[in-house]
Protein chains: 2
Amino acid sequence: MAALQEKQVQHQECGDCPIRHRAVCARCDTDELVALEQLKYYRSFQAGQTVIWSGDRMDFVASVVSGIATLTQTMEDGRRQMVGLLLPSDFVGRPGRMIASYDVTATTDLVMCCFRRKPFEDMMVKTPHVAQRLLEMTLDELDAAREWMLLLGRKTAREKIASLLAIIARRDASLHLRQPSSQLTVDLPLTREEMADYLGLTLETVSRQISALKRDGVIRLEGKRQIVIPDLRRLLEEAGDDSDGGMLA
Amino acid sequence: MAALQEKQVQHQECGDCPIRHRAVCARCDTDELVALEQLKYYRSFQAGQTVIWSGDRMDFVASVVSGIATLTQTMEDGRRQMVGLLLPSDFVGRPGRMIASYDVTATTDLVMCCFRRKPFEDMMVKTPHVAQRLLEMTLDELDAAREWMLLLGRKTAREKIASLLAIIARRDASLHLRQPSSQLTVDLPLTREEMADYLGLTLETVSRQISALKRDGVIRLEGKRQIVIPDLRRLLEEAGDDSDGGMLA
DNA sequence: CGAATCCTTGAATTATCTCAATGCCCGTGG
DNA sequence: CCACGGGCATTGAGATAATTCAAGGATTCG
């Protein structure tokens with residue numbers, strides 16, 4: 001039972017919150033923030049812990065404050081597909097839905113800012129800024145999901161790996177607000193198997209393609225999880241995207 | 001130029017609208033409906049016509065009133081992936097975005113109920129019911145996209161075909177409000193190539209797998225596009241889903 | 001040190017794709 | 001009316017990318 005293993009985290013001011021400007025609360029004014037402050041509580045999870053099982057009753061919604069979580073679907077015979085990669089500021093849960101549709105797992109140590117579902121839903125009705133921001137975030141997620149569908153349906157294994165690295169580099173850069181230079185280092189928060197679940201591949205294929213990209217000089221490895229990208233443009237070419245996704249000027 | 005080929009359609013009362021209870025306007029009260037009625041105009045397209053090209057400026061949003069449209073992404077070398085299948089009541093376009101992200105194509109003759117983007121956005125701010133319904137619809141689409149990701153990433157060609165038939169049967173049934181019986185007929189609005197673009201396959205593989213399902217008695221063909229499903233449960237098994245998606249009692 | 005994880009690499013197998021030929025259906029024009 | 005062409009679908013044979021099965025290497029942690 002996840003609830004028994006998790007640690008409680010002490011209260012923190014919304015004003016200092018690292019995700020204040022990107023999360024569901026991004027648009028809130030001071031009054032609204034005070035109201036949210038009443039509702040919120042933190043929960044934290046260790047790397048590897050399951051936050052929610054698909055099919056479980058879920059009576060909260062939450063924002064990822066720090067760490068990374070995944071959304072996965074599993075078929076009866078065990079085939080798994082990741083359907084969401086949740087980075088800080090991303091939202092978990094669906095207003096109006098009691099039952100979780102996906103497994104949510106903490107890939108790294110994870111802190112979430114939670115709201116009980118009912119009060120949050122009431123707040124959505126009363127304060128339009130939360131609902132507005134949630135719509136915007138959901139539309140962004142839908143765009144990301146569609147990008148991901150192109151990857152899953154049509155890209156080669158090599159392109160899939162390159163695309164994943166590009167995606168992580170991009171989100172990483174936008175989070176740390178630094179302009180991605182042409183040389184940059186990406187901390188890969190996923191095991192090979194998790195990457196495989198993301199990309200619709202086997203872990204062996206992931207490993208082979210990473211080796212191939214390394215052999216061809218597209219990336220360098222610093223340990224297993226740290227990846228250096230000497231030439232971002234080159235990586236983006238390998239990803240097969242028609243645009244650079246606005247990563248370069 | 002699509003705009004030159006399309007026909008204008010005469011005005012129609014929202015009260016009589018076939019998608020009144022499912023579209024973005026579903027939650028609107030009488031006053032709000034009057035306001036929307038002012039804004040709306042119909043456009044229709046012939047089967048095969050392109051509604052919007054990805055990258056084009058798009059200064060309207062719309063609901064599909066009748067017919068079917070697709071959202072597709074294309075890579076430089078021509079690989080195509082369908083990322084959305086728009087049936088009546090589905091919404092096209094994104095408030096707050098000028099530029100279309102996907103190609104939108106009419107697969108059958110198509111009628112859309114359009115709103116110029118700016119007035120629609122103003123309306124969203126003023127009347128929460130439109131924004132609320134749009135959030136709900138977007139969340140549903142996101143769920144559908146995630147289901148689709150599992151299909152693209154992990155299902156076999158045979159399972160993909162069975163899943164597609166199940167999806168169309170389900171949406172068809174919910175639109176016509178009839179309980180799917182164990183024997184039912186599905187009108188397939190897609191060519192083999194379009195099915196392939198949906199499923200991340202080639203058209204040859206689609207054709208082969210349809211033949212295989214026919215050979216094995218899972219489906220029967222009535223012409224090329226009409227498909228009879230003698231035993232829905234059997235089809236759902238073939239689709240590899242762990243649940244029946246609520247189609248059977 | 002030994003066990004547990006995670007990762008890499010190889011060899012054989014297989015699902016799907018590619019290329020190519022043929023068939024079916026329907027509308028058009030001779 | 002029939003022949004023809006175009007669009008769509010089917011089927012086969014060979015090629016190929018990715019998977020499966022299997023072994024072994026690296027790293028961490030008690």
Side-chain angles (χ1 to χ4, degrees), chain A residues 46-49 70 75 77-81 105 107-109 151-165 187-216 219-227 238 240, chain B residues 46-49 75 77-81 105 107-108 151-165 187-216 219-227 238 240:
Chain A
Q46 293 173 2
Q49 264 189 278
T70 62
M75 295 172 66
D77 60 7
R79 279 176 282 174
R80 288 163 57 84
Q81 176 64 51
T105 311
T107 316
T108 64
D109 287 347
L151 178 152
L152 290 171
R154 294 303 187 193
K155 288 189 177 178
T156 65
R158 168 183 266 244
E159 288 169 336
K160 286 179 175 182
I161 300 287
S163 300
L164 173 59
L165 296 177
D187 187 39
L188 246 204
L190 306 175
T191 66
R192 300 292 183 258
E193 185 170 24
E194 286 164 336
M195 296 172 69
D197 285 344
Y198 187 114
L199 300 171
L201 296 171
T202 59
L203 68 92
E204 293 94 332
T205 300
V206 168
S207 185
R208 273 187 254 277
Q209 294 300 333
I210 288 181
S211 298
L213 287 173
K214 185 174 61 173
R215 179 168 6 87
D216 299 345
I219 59 175
R220 284 204 318 277
L221 292 193
E222 216 96 311
K224 299 292 179 197
R225 302 285 186 86
Q226 197 92 336
I227 293 194
E238 293 285 356
Chain B
Q46 291 172 2
Q49 264 188 279
M75 294 172 68
D77 60 7
R79 281 176 280 175
R80 289 164 56 84
Q81 175 65 51
T105 311
T107 326
T108 63
L151 178 152
L152 290 171
R154 293 304 187 192
K155 289 190 177 178
T156 65
R158 168 182 266 244
E159 289 169 335
K160 285 179 174 181
I161 300 287
S163 300
L164 172 59
L165 296 177
D187 188 39
L188 247 206
L190 306 175
T191 65
R192 298 291 183 260
E193 185 169 24
E194 286 163 336
M195 294 172 70
D197 284 345
Y198 187 114
L199 300 171
L201 297 171
T202 60
L203 68 91
E204 293 94 333
T205 299
V206 169
S207 186
R208 274 187 252 276
Q209 294 299 333
I210 288 181
S211 299
L213 287 173
K214 185 173 63 174
R215 181 167 5 89
D216 299 346
I219 58 174
R220 284 204 317 277
L221 292 194
E222 217 96 309
K224 298 291 179 199
R225 301 288 187 85
Q226 196 91 335
I227 293 193
E238 293 285 354

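Throughout, a chain's letter reflects where its sequence line sits, starting with A, and its residues are numbered from 1. Computation of the quantities below employed the complete heavy-atom set of this structure, encompassing side-chain atoms and omitting hydrogens, waters and symmetry-equivalent molecules.
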How close or far is atom [atom2] of [N] from atom [atom1] of [X], stated in whole angstroms?
X	N	atom1	atom2	result
B:L199	C:dA15	CG	P	18 Å
B:E222	C:dC25	CD	C1'	17 Å
B:Q226	D:dC8	CD	C1'	17 Å
B:I161	D:dA9	CD1	C1'	13 Å
B:D197	D:dA9	CG	P	12 Å
B:K214	D:dA9	NZ	P	13 Å
B:I219	D:dA9	CD1	C1'	14 Å
B:E204	C:dT22	CD	C1'	14 Å

| Contact summary for A:E238 and A:R158, nearest pair of heavy atoms | OE1-NH1, 2.8 Å
Quick check for you: to the nearest 0.5 Å, what is the distance between [X] atom [atom1] and [Y] atom [atom2]?
X	Y	atom1	atom2	result
A:E194	A:L188	CD	CG	10.5 Å
B:I161	B:S211	CD1	OG	10.0 Å
B:E159	B:L151	CD	CG	8.5 Å
B:E193	B:E204	CD	CD	9.5 Å
A:L203	A:R208	CG	CZ	9.5 Å

| field | Closest-nucleotide ordering on DNA chain C, the 5'-leading residue of A:S211 and B:V206 | value | A:S211
Collect all protein-nucleotide pairs involving nucleotides 13-18 of chain D in which both atoms are nitrogen or oxygen and the distance is under 3.5 Å.
| residue | atom | partner | partner atom | Å |
| --- | --- | --- | --- | --- |
| D:dA18 | OP1 | A:A157 | N | 2.9 |

| Is there a donor-acceptor pair closer than 3.5 Å between any side-chain N or O of A:R154 and the backbone N or O of B:R79? | no
| field | Exam field: side chain A:R215 to backbone A:I210, donor-acceptor pair closer than 3.5 Å | value | no
| field | Identified side chain to side chain donor-acceptor pair (under 3.5 Å) partner of A:D197 from the options A:Q81, A:R80, A:R192 | value | A:R80
Pairs under 3.5 angstrom, nitrogen or oxygen only, protein versus nucleotides 4-7 of chain C, please.
| residue | atom | partner | partner atom | Å |
| --- | --- | --- | --- | --- |
| C:dC7 | OP1 | A:R225 | NE | 3.1 |
| C:dC7 | OP2 | A:R192 | N | 2.9 |

